[in-house]
A.B. asks: 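Take this structure, written in structure tokens, and hold onto it; I'll ask about it next.
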Amino acid sequence: MSPHVLILGGTAEARLLAAELAAGPGVRVTMSLAGRVTRPAPMPGDVRTGGFGGAEGLAAWLAERRVTAVVDATHPFAARITAHAARAAAATGVPLVVLRRPGWQPGDGDRWHPVDSLAAAADALPGLGRRAFVTTGRLGLAAFAHLAGVRLAVRSVEPPAPPLPPHTEVVLARGPFTVADETALLRRHRIDVLVTKDSGGAATAAKLTAARTLGLPVVVVRRPPLPAGVTAVPDIAAVLERLGRTPPHPTP
């Protein structure tokens, strides 16, 4: 039976991994997207959109489609699908590989304030600034709804659904962003505090450099823990090694 790899995607790493696998002989690749973005970037292989119906639905899909391996390459904060993938893999015996880019680390001059949730990030803002740049995505903005004394600039790929927190300006943009771009944005909106999730990776790290240069505090939401017994690998090369595949060309 030919290998059939299901990639739970939504990240740049997922697209790169799908391209690596699809370039090899005899591998069927299916990319699963949550459907939160209406116009996703082109993907190699088969693409499905939408949920599976929880862990049980995912387990049934794996059995029906004769999936031989699952790669969870979702966002580091997509805790629910990671938990479902772990349960489905355990129920079916299908190997699971979790790909998580390394998290960011503070450097000299950074003024980071780590917190464990969006609610905690919102609670921290009044003591740090009055004009916050929120880059945690369009979901979860309700956590900031009570901040009547803080103006928010919220960046997302697509417009967030109302209702929005008071005094909110939406910035529609898709990364990657340069340090010059981020510095100009922070200055243009007169931002005095940045809010971000510890997504890791280079595509959105420029905002941290810009905040450091401008001396701004940064509220950093820590990643949720992985399910018990689940470990992650840091890059595509490690995923291919786990899958027993040799990359057809060098991976990033």
Side-chain angles (χ1 to χ4, degrees), residues 1-103 137 139 157 199-201 203 223-252:
M1 182 175 64
S2 299
H4 181 190
V5 179
L6 172 66
I7 301 176
L8 305 175
T11 60
E13 290 89 351
R15 291 192 297 273
L16 292 171
L17 175 62
E20 291 287 346
L21 290 172
V27 180
R28 179 184 174 190
V29 178
T30 300
M31 176 77 76
S32 175
L33 302 176
R36 291 174 179 167
V37 177
T38 57
R39 290 177 294 178
M43 306 282 175
D46 298 329
V47 178
R48 70 171 304 280
T49 303
F52 291 93
E56 292 76 14
L58 176 55
W61 197 94
L62 298 179
E64 291 169 2
R65 302 309 195 278
R66 298 184 178 182
V67 173
T68 57
V70 178
V71 179
D72 175 7
T74 56
H75 192 276
F77 284 80
R80 178 176 296 181
I81 186 59
T82 298
H84 289 172
R87 287 169 52 194
T92 58
V94 175
L96 170 67
V97 184
V98 178
L99 171 60
R100 288 292 182 271
R101 68 184 79 130
L139 303 178
V157 175
S199 301
R223 296 179 176 188
L226 291 171
V230 174
T231 59
V233 297
D235 53 37
I236 292 172
V239 173
L240 295 174
E241 182 178 357
R242 286 278 189 95
L243 297 178
R245 310 296 300 183
T246 301
H249 47 74
T251 59

A.B. asks: Minimum heavy-atom separation for R242 to V97, with atom names?
C.D. replies: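 Nearest heavy atoms, R242 then V97: CB-CG2, 3.8 Å.
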A.B. asks: Could you report the tightest heavy-atom contact between S32 and L6, atom names first, then the distance?
C.D. replies: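 That would be CB-CD1, 4.0 Å.
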A.B. asks: Could you state the interatomic distance from CD1 (I81) to NE2 (H75), rounded to the nearest 0.5 Å?
C.D. replies: 15.0 Å
A.B. asks: What I want to find out is whether R100 reaches E13 closely enough, with some N-O distance under 4.0 Å, to be called a salt bridge.
C.D. replies: no
A.B. asks: Please round to the nearest 0.5 Å and tell me the distance separating atom CZ of R101 and atom CG of D235.
C.D. replies: 12.5 Å
A.B. asks: Which value, rounded to the nearest 0.5 Å, describes the distance between L8 atom CG and T30 atom OG1?
C.D. replies: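 The CG atom of L8 sits 10.5 Å away from the OG1 atom of T30.
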A.B. asks: Taking the inter-plane angle between the rings of H4 and W61 on a 0 to 90° scale, is it parallel (under 30°), tilted (30 to 60°) or perpendicular (over 60°)?
C.D. replies: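 Tilted: the ring planes of H4 and W61 meet at 30° to 60°.
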A.B. asks: Show the nearest heavy-atom pair for residues V233 and V239, with the distance to one decimal.
C.D. replies: CG2-CG2, 3.6 Å
A.B. asks: What distance separates L243 CG from L17 CG, expressed to the nearest 0.5 Å?
C.D. replies: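 Result: 7.0 Å between the selected atoms.
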A.B. asks: What are the two closest non-hydrogen atoms of A88 and A55, and how far apart are they?
C.D. replies: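 Where A88 meets A55 most closely, the heavy atoms are CB-O, 3.6 Å.
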A.B. asks: So with a 6.0 Å cut-off around CZ of R80, is the heavy-atom count from everything else above 12?
C.D. replies: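 Atom CZ in R80 is not packed in, count stays at 12 or less.
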A.B. asks: If you look at every heavy atom in T11 and T74, which pair is closest and at what distance?
C.D. replies: CG2-C, 3.6 Å
A.B. asks: Do you know which of V70, V29, D72 makes side chain to side chain contact (heavy atoms under 4.5 Å, CB included) with I7?
C.D. replies: V29
A.B. asks: With a 3.5 Å distance limit and no angle check, can you tell me whether R223 reaches the backbone of S199 through a side-chain donor-acceptor pair?
C.D. replies: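 Judged by distance alone, yes, a pair lies under 3.5 Å.
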A.B. asks: Quick check: closest heavy atoms across G9 and A14, and the distance to 0.1 Å?
C.D. replies: CA-CB, 3.6 Å
